[in-house]
Undergrad: 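There's a structure below that I have some questions on.
Here is how names work: the chains are called A, B, and so on, in the same order as the sequence lines, proteins then strands, and each is numbered from 1.
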Amino acid sequence: MRARPIQLRNLLKPISSPSLNRIHLQKPVPFSLSSSTQTSLNKPLIPKPFFKSDRYDGLVNRLCRDKKFKEAIDVLCQQKRLKEAIQILDLLDHSSIRPSAAIYSTLLQLCLQQRALEEGKRVHAHIKFSGFVPGVFILNRLLDMYSKCESLVDARKLFDEMTQRDLCSWNTMISGYVKIGELDEAHKLFEEMPEKDNFSWSTMISGYVRRDRPKDALELYRRMLRDENMKCNKFTVSSALAASAAVPCLQLGKEIHGYIMRTGLDSDAVVWSALSDMYGKCGSIEEARHIFDKMLGRDVVSWTTMIGRYFEMGRREEGLGLFSDMLRSEIRPNDFTLAGVLNACSNQAAEDLGKQVHGYMTRIGFDPFSFAASTVVHMYSKCGNIESAKRFFKGISQPDLVSWTSMISGYAQNGQPEEALRYFELLLKSGTKPDHITFVGVLSACTHAGLVDKGLEYFRSIEEHGLTHTADHYACLVDLLGRSGRFEEAEEIIDKMPMKPDKFLWASLLGGCRIHGNLRLAKRAAEALLEIEPENAATYVTLANIYATAGMWDEVEKIRKTMDERGVVKNPGSSWIEVKRQVHVFLVRDKSHPRSKEIHDFLDKLSMRMKEEGYVPDTNYVLHDVEEEQKEQNLSYHSEKLAVAFGIIATPPGTPIKVFKNLRTCGDCHTAIKFISKIVEREIIMRDSNRFHRFKNGTCSCGDFW
DNA sequence: ATCCGCAAAA
């Protein structure tokens, strides 16, 4: 930056004119020049940003001397040297040359490009005082400059002052409002404007889409169709597709698809990607893929979108397949792509694969300041490898909030709540501002550690950090109190909290009631929960388990009947384990695995050893009315046990085993795996839908506090 | 001018 004044000096030096001295005074040279020779003056302190700009300086000097100010400004603007270009206006003032629309237009265009509001205002002021009467073209440029700089108040002032406005003025004004999200103001103008073109319509439509008002967008699109003067172009069609994708409305999307084919608008890459995305968002992933395959000019974003779509639907194999296709194509994945793949690894707990992606990122040299770094932290911590997460985290020079939060909640879930809280303190020291999700991690750490009072303190401190309590925070608080049996306080909070308790809160409370056998409150929580989501089988099952533990079998039976009547289907529990980069999935009583016989034989043997060690099956966890002796058998074939057993026989002795379950683990399995970890002398890590359990030598990191 | 992509918890 320090090179600038020198350039200016060089540029102006050969000209002798009274106005030049003025500029010299305005721009003092920031270091001593007394001993410098002419040659050293010509050498810039830092490399000049533009090729051969020395020659251009000479050129500009000559142009100014010849009073060819317009040309001088053009040269400077081409080099994006806005500040110097504006200085030329001063030279102009002191000459007999009158400013022209062309000069202002060039300058404004550069201001607009660089979002330079201050400079733009200077040009505007110059126009006002130079006596130049701007035409609608220049005024539109000014409008555009203000609206691109998001200075809508200035834009509107100008707009209202304009004696004549053309279509472009209206459109510029509208798109300015749309850009800053003032859709209602934009819409007001939209209704007022004398005539609308494709731009007006598509700006409004896509504005509504982007601000999450897809219904308004569609309504507008329908209105546009009724307007006989309007013929859709690729812009309106694209925004209409985005609208039907956002609603989502497959039927309308298909209509637009048909329209596109009929009118030959299908030659545009953007239209194609909007089309593919519309099908993807409307759930027709096959159709989306079909269009993707036929699409010309697929870019990183289209690849990333398509890959992410598969992951969204849980179709991991296809997503990864497409990712490897991408690696073989000429398009390179970027941070978004990698983040998407890593995120899929996190959710599926595919650590080996995640490691590979991490390795790939290291090889191509990813930007350590990018959000992609945070997804690596998240991946390791979600895969239960908090050590790797920490190692990677420590290698980031300036971790972002997401990385911090991933570490905090990672520790909280992995049975090291003290470490989580330590990281929170470190975060505060680092000067990063926590957000509401960080506090969810902190509060859940307190919950896992049983630090009720400390949790209450953190809860109170949330507002001191300039944040407001969210429903999530209240859910954490109730979880905290409920798990340690402080139900009175929990209920008081529920009755007093400023928003309606959500399903997470009631589910937490129900969990607390299960631990402490609080039947009355369990009933209240379950009722509230069933009102919110009557189809969730987990609620029925938990409530039934609470009654079963209390020996109230009539109630259990009643719940079972209600479930049948309402047609509630239990979400099938499944567990999986990654062995040699292959994922093996197990369901209850699953016999489909190729090594099923071995697994079951092994479990039988294990079962005997466990009983010798003092394990007693807890049949309360069996909801359905099977015969007593059969219950025990059902238990031993729960998916998590199958996956653990397979892990043991498929890996060398001593290898830690990592199993993942889509639901919460059942209490009996939890006890059983504690025994297994001791018998086979393995560390067993299980991630259920709630947290991690690390079993080692007969105990679990959750301290049975789940 | 228009389209599409990431992230922390429960």
Undergrad: To the side chain of Asn690(A), which of dA10(B), dC3(B), dC6(B) is closest?
TA: dA10(B)

Undergrad: Rounded off to whole Å, could you give me the OH-to-C1' distance for the Tyr423(A) and dA8(B) pair?
TA: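 It is 15 Å, rounded to the nearest whole Å.
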
Undergrad: Of the nucleotides dC4(B), dC3(B), dA7(B), which has the atom closest to the Thr375(A) side chain?
TA: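 The closest nucleotide is dA7(B).
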
Undergrad: Of all the choices, dG5(B), dA8(B), dA10(B), which nucleotide is nearest to the side chain of Ile437(A) once you look at every atom?
TA: dA8(B)

Undergrad: How many Å lie between CG on Leu296(A) and C1' on dC3(B), as a whole number?
TA: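 Nearest whole value for this atom pair: 16 Å.
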
Undergrad: Do the side chains of Arg298(A) and Trp303(A) get nearer than 4.5 Å, heavy atoms only?
TA: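 Yes - at least one pair of side-chain heavy atoms lies under 4.5 Å apart.
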
Undergrad: Rounded to the nearest 0.5 Å, what's the gap from CH2 on Trp404(A) to CZ on Phe424(A)? Could you check?
TA: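 So the gap between those two atoms works out to 11.0 Å.
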
Undergrad: Please state whether the phosphate of dA10(B), meaning OP1 or OP2, lies under 4.0 angstrom from any side-chain nitrogen or oxygen of Ser444(A).
TA: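 For dA10(B), OP1/OP2 do have a side-chain N/O of Ser444(A) under 4.0 Å.
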
Undergrad: For Gln109(A) and dA1(B), give me the distance from atom CD to atom P, rounded to whole Å.
TA: 10 Å

Undergrad: If we ignore hydrogens and angles and just use 3.5 Å, is the side chain of Asp479(A) paired with the main-chain N or O of Leu505(A) as donor and acceptor?
TA: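 Side chain of Asp479(A) to backbone of Leu505(A): no pair is present.
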
Undergrad: Tell me the interatomic distance from Asn334(A), atom CG, to dC4(B), atom C1', rounded to whole angstroms.
TA: 12 Å

Undergrad: Nearest to the Gln413(A) side chain among dC4(B), dC3(B), dA10(B), which nucleotide is it?
TA: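 Between dC4(B), dC3(B), dA10(B), the one nearest the side chain of Gln413(A) would be dA10(B).
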
Undergrad: How is Ala475(A) classified with respect to the nucleic acid when contacts are heavy atoms under 4.0 Å: base, sugar-phosphate, or nothing?
TA: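 Since no nucleic acid heavy atom lies under 4.0 Å of Ala475(A), the category is nothing.
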
Undergrad: Take atom CG of Asp277(A) and atom P of dT2(B), then tell me their distance rounded to the nearest Å.
TA: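 That distance rounds to 16 Å.
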
Undergrad: To the nearest Å, give me how far apart CZ (Arg664(A)) and C1' (dA9(B)) are.
TA: 14 Å

Undergrad: Counting the atoms with a prime plus P, OP1 and OP2 as sugar-phosphate, which does Ser374(A) contact under 4.0 Å by heavy atoms, base, sugar-phosphate, or nothing?
TA: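 Contact class for Ser374(A): none.
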
Undergrad: Thinking salt bridges, do Asp268(A) and Lys234(A) make one under a 4.0 Å N-O criterion?
TA: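 Salt bridge present between Asp268(A) and Lys234(A).
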
Undergrad: Please classify the nucleic acid contact of Arg210(A) as base, sugar-phosphate, or nothing, using heavy-atom distances under 4.0 Å.
TA: sugar-phosphate

Undergrad: Does Ser409(A) reach a base, just sugar-phosphate, or nothing at all? Heavy atoms under 4.0 Å.
TA: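 Ser409(A): backbone/sugar contact only, no base atoms under 4.0 Å.
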
Undergrad: Quick check for you: among dA8(B), dA10(B), dC4(B), whose closest atom lies nearest to any side-chain atom of Val301(A)?
TA: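 So the nucleotide nearest the side chain must be dC4(B).
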
Undergrad: Calculate the interatomic distance between Phe692(A) atom CZ and dA10(B) atom P; express it in whole Å.
TA: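 So the CZ-P distance, Phe692(A) to dA10(B), works out to 11 Å.
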
Undergrad: Rounding to a whole Å, what distance do you find between Asn347(A):CG and dC6(B):C1'?
TA: 13 Å

Undergrad: Considering every strand and a 4.0 Å limit on heavy-atom distances, what is the contact class for Asp435(A): base, sugar-phosphate, or nothing?
TA: base

Undergrad: Any carboxylate oxygen within less than 4.0 angstrom of a Lys/Arg side-chain nitrogen, looking at Lys281(A) and Asp277(A)?
TA: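 A salt bridge links Lys281(A) with Asp277(A).
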
Undergrad: From the options dA9(B), dA10(B), dC3(B), select the nucleotide whose nearest atom is closest to the side chain of Ser273(A).
TA: dC3(B)

Undergrad: Measure from NZ or CZ of Arg316(A) to the centre of the six-membered ring of Tyr310(A) and say whether it is under 6.0 Å with the direction within 45° of the ring axis.
TA: no

Undergrad: Kindly say whether, by distance alone, the side chain of Asp335(A) makes a donor-acceptor pair under 3.5 Å with the base of dG5(B)?
TA: no

Undergrad: Counting side-chain heavy atoms from C-beta on, which of dT2(B), dC4(B), dG5(B) comes nearest to Val270(A)?
TA: dT2(B)

Undergrad: Need one value for Lys281(A): base, sugar-phosphate or nothing, where a base atom within 4.0 Å counts as base even if backbone is also close, heavy atoms only.
TA: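 Answer is sugar-phosphate: Lys281(A) comes under 4.0 Å of backbone atoms only.
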
Undergrad: State which of dG5(B), dT2(B), dA9(B) makes the closest approach to the side chain of Lys382(A).
TA: dA9(B)

Undergrad: Phosphate oxygens OP1/OP2 of dA8(B): is one of them under 4.0 Å from a side-chain N or O of His378(A)?
TA: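 For dA8(B), OP1 or OP2 has a side-chain N or O of His378(A) closer than 4.0 Å.
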
